[in-house]
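Structure first, then comments.
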Amino acid sequence: MIPVTKTFLPPITEYQSHLEKVWEKQWLTNRGPLLLELEEKLKNHLDISNITITNNGTIPLQIALKLLGKGGEIITTPFSYVATTAAIVWENCIPVFVDIHPEYLTIDETKIEAAITPKTTCILATHVFGNPCNIEAIEAIAKKHNLKVIYDAAHCFGVNYHNQSVFNYGDVSTCSFHATKLFHTGEGGAMICADSQLAHQLFYSHNFGHNGPLDFFGLGVNGKISELQAAMGLAVFPHMSHILSERKKVVDYYNEYLNFAKLKTIKIRDNTEWNYSYYPIIFESEEVLLKVQQELNKEGVLPRRYFYPSLNTIGYAKGKSMPISEAITSKVLCLPLYVGLTNDDLNKIVTTITKNT
Ligand SMILES: *Cc1c(COP(=O)(O)O)cnc(C)c1O
């Protein structure tokens with residue numbers, strides 16, 4: 001069977017060597033030494049000024065929206081994982097969808113201003129499949145209308161934009177360290193914020209609002225991660241350059257051998273060092289997609305319909321129609337992409353697609 005993704009597992013002895021420290025110190029959570037070590041490593045590696053690692057990649061969206069959304073209207077993308085929209089509704093804010101660019105698949109910045117009202121507080125956009133939004137344009141709009149910018153950068157570990165981590169842009173960027181993402185801790189995530197005052201608010205919000213054992217800075221929730229998960233992060237981290245280069249080989253294969261007369265893939269924005277996080281292909285129609293999916297399944301290949309459906313069509317989101325996103329979601333399929341795919345696997349995938357498009 002060839003799934004869409006496979007979690008990278010480090011050698012178990014490497015994981016165990018980190019776990020031994022947990023047993024030695026008998027310290028399982030509440031920002032123990034392994035978590036602090038992981039935060040330092042990521043900060044240096046990504047060259048960012050602040051990071052708070054959290055228990056998943058959804059809670060940072062909720063915390064950022066709690067602090068910056070203030071129950072207002074949030075301009076957002078209909079083409080993302082459901083967590084992006086769900087976090088908005090969960091925080092009692094109102095999602096206001098803006099359609100996507102048909103090639104970059106990120107929010108169409110030229111349509112944002114028309115969606116702004118006096119109730120708008122934030123823009124929450126996704127760097128989908130690790131492809132940066134038009135950050136410069138979004139920043140200019142936010143400045144002009146006095147809005148905050150949150151980037152759902154769940155897919156972006158290892159992405160650089162203009163020679164720095166894409167996490168450096170926006171008021172807050174969030175990431176997911178879920179087992180299906182490039183860098184993972186099993187479950188986990190992070191919030192990254194350059195402004196130290198806001199970073200402090202985000203930080204205490206993820207730990208019940210604590211200011212020491214007896215006092216509170218403000219309202220908080222439990223967004224902490226355990227030492228057991230930090231140990232997984234420390235064991236995966238040294239393998240990141242291997243993970244990236246192996247994934248690049250798969251992407252290079254697809255780029256070379258797929259027949260793009262009948263297909264399209266995502267267009268990566270200029271000045272981006274991409275992380276090969278997903279390989280979406282866009283067919284001519286949903287009919288072709290379903291046929292190809294069926295034929296791949298027969299061969300034991302299980303691609304996934306990322307992302308489907310368009311988030312504006314979900315009942316609780318109550319969004320206006322988004323023609324481009326609805327068209328793309330009906331005909332986009334993500335192909336298998338992980339460390340360990342063989343050329344035989346890839347050949348089978350490409351041949352089956354070419355035969356049926
Ligand atoms: C994975 C993902 C999330 C949620 O992350 P979790 O760690 O699973 O909570 C949010 N947004 C996007 C775009 C994602 O792909």
Side-chain angles (χ1 to χ4, degrees), residues 3-8 38 42 51-66 69 74-91 93 95 97-98 100 104-107 122-133 149-159 166-167 169-170 172-192 202 206 221-226 229-230 232-233 236 266 274-280 304-312 314 317 325 328-329 332-334 337-338:
V4 70
T5 192
K6 238 184 213 176
T7 300
F8 176 85
L38 183 61
L42 297 187
I51 184 169
T52 300
I53 297 180
T54 54
N55 52 354
N56 59 50
T58 303
I59 202 86
L61 291 171
Q62 290 179 219
I63 292 173
L65 286 162
K66 179 78 80 190
I74 313 295
I75 305 250
T76 193
T77 175
F79 189 67
S80 184
Y81 183 56
V82 68
T84 316
T85 300
I88 295 172
V89 177
W90 195 266
E91 290 305 325
C93 296
F97 294 98
V98 166
I100 57 169
Y104 296 115
L105 309 182
T106 47
I107 194 166
C122 284
I123 299 168
L124 167 52
T126 301
H127 300 309
V128 76
F129 303 138
N131 196 23
C133 298
V149 180
I150 303 167
Y151 285 118
D152 183 339
H155 304 163
C156 292
F157 196 96
V159 173
V166 78
F167 296 145
Y169 298 93
V172 183
S173 288
T174 67
C175 192
S176 167
F177 300 161
H178 185 260
T180 56
K181 306 298 204 288
L182 248 62
F183 170 74
H184 78 91
T185 55
E187 289 271 1
M191 28 198 194
I192 298 103
L202 293 163
H206 104 297
V221 70
N222 183 0
K224 288 175 287 120
I225 188 169
S226 79
Q229 292 155 298
M232 179 59 83
V236 171
I266 192 169
W274 191 41
N275 64 352
Y276 318 100
S277 47
Y278 296 82
Y279 200 95
R304 284 287 294 270
R305 294 187 71 174
Y306 293 147
F307 288 104
Y308 183 88
S310 189
L311 296 170
N312 58 297
I314 289 185
S325 178
I328 299 278
T329 49
V332 61
L333 195 63
C334 278
L337 175 46
Y338 52 87

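Whatever order the structure lists ligands and atoms in, that order sets their numbers, starting from 1.
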Ring-plane angle category for Phe307 and Tyr81, please: parallel below 30°, perpendicular beyond 60°, tilted otherwise. tilted
Please examine the side chains of Met191 and Thr54, heavy atoms only from C-beta on, and report whether any two atoms are closer than 4.5 Å. yes
Short N or O contacts of ligand 1 with protein, under 3.5 Å, listed by atom name?
{"from": "ligand 1", "atom 1": "5 (O)", "to": "Ser176", "atom 2": "OG", "distance (Å)": "3.3"}
{"from": "ligand 1", "atom 1": "7 (O)", "to": "Gly57", "atom 2": "N", "distance (Å)": "2.7"}
{"from": "ligand 1", "atom 1": "7 (O)", "to": "Ser176", "atom 2": "OG", "distance (Å)": "2.7"}
{"from": "ligand 1", "atom 1": "9 (O)", "to": "Gly57", "atom 2": "N", "distance (Å)": "3.2"}
{"from": "ligand 1", "atom 1": "9 (O)", "to": "Thr58", "atom 2": "N", "distance (Å)": "3.1"}
{"from": "ligand 1", "atom 1": "9 (O)", "to": "Thr58", "atom 2": "OG1", "distance (Å)": "2.6"}
{"from": "ligand 1", "atom 1": "11 (N)", "to": "Asp152", "atom 2": "OD1", "distance (Å)": "3.3"}
{"from": "ligand 1", "atom 1": "11 (N)", "to": "Asp152", "atom 2": "OD2", "distance (Å)": "2.7"}
{"from": "ligand 1", "atom 1": "15 (O)", "to": "His155", "atom 2": "NE2", "distance (Å)": "2.7"}
{"from": "ligand 1", "atom 1": "15 (O)", "to": "Lys181", "atom 2": "NZ", "distance (Å)": "3.2"}

Within a radius of less than 6.0 Å around NZ of Lys6, do more than 12 heavy atoms belonging to other residues, nucleotides or ligands occur? no
Check whether any side-chain N or O of His184 sits under 3.5 Å from a backbone N or O of Ala179 as a donor-acceptor pair, and report yes or no. no
In terms of heavy-atom contacts, Gly130 and Ser277 come closest through N-OG, 3.9 Å
Pair Ser80-Thr126, side chain to side chain donor-acceptor pair (under 3.5 Å): steps then yes or no: CA-CA 7 Å; Ser80 184; Thr126 301; 3.0 Å; yes
